[in-house]
**Q** 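Here it is, the structure, as structure tokens.
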Amino acid sequence: MNDLIKALRAFAGERDWERYHSPKNLAMALSVEAAEIVEKFQWLSQDQSRALDAGKLAELEEEIGDVMIYLTMLADKYGLDPLVAARKKMEINRAKYPAEQVRGKSDKYTEYE
Ligand SMILES: [Mg+2]
């Protein structure tokens, strides 16, 4: 994670782009990139979404990279580590959704085409 943070800082620094990287702008860019992931799946069936061809998979990988970049840059503005944040949130989710109580159940998930 630290290598990525350093590389992102260097990339922005070499281009004098830090001035554009306010937390607000990074959050907005993150949201746009997340929407670009959604766009890759727009109108696909459940089965189609599970079987992307090589071209679509490469496109998805690029968008996942974009999301990771902006997420990391946003977290870096506050000295946060996204991996640490994810682990902390998993602990919260583990307590909130004990496996023995929720296994196989979800009121928010419906399989449909
Ligand atoms: Mg993108």
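Indexing begins at 1, ligand by ligand and atom by atom, following the structure's order. Please read all numbers here as calculations on a predicted model, not as lab measurements. Any value given below was found using the heavy atoms of this structure, including those in side chains, with hydrogens, waters and symmetry copies removed.
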**Q** Which is the closest N/O/S atom of E36 when seen from the Mg ion (ligand 1)?
**A** OE1
**Q** Find, among atoms of E63 that are N, O or S, the one nearest to the Mg ion (ligand 1), and state its name.
**A** OE1
**Q** Which atom, counting only N, O or S, brings E33 closest to the Mg ion (ligand 1)?
**A** OE1
**Q** How close do Q46 and S49 get, counting heavy atoms only, and between which atoms?
**A** O-OG, 2.7 Å
**Q** Whether R94 and E91 form a salt bridge (side-chain N of Lys/Arg under 4.0 Å from carboxylate O of Asp/Glu) is what I want to check.
**A** yes
**Q** Would you please test D66 and E63 for side chain to side chain contact (heavy atoms under 4.5 Å, CB included) and show each step?
**A** CA-CA 5 Å; D66 284 338; E63 301 309 337; 3.2 Å; yes
**Q** Identify the heavy atoms of R103 and E100 that sit nearest to each other, and give their distance.
**A** NH1-CA, 4.2 Å
**Q** Write the atom name of the N, O or S atom in D66 that is nearest the Mg ion (ligand 1).
**A**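 The D66 atom nearest to the Mg ion (ligand 1), restricting to N, O or S, is OD2.
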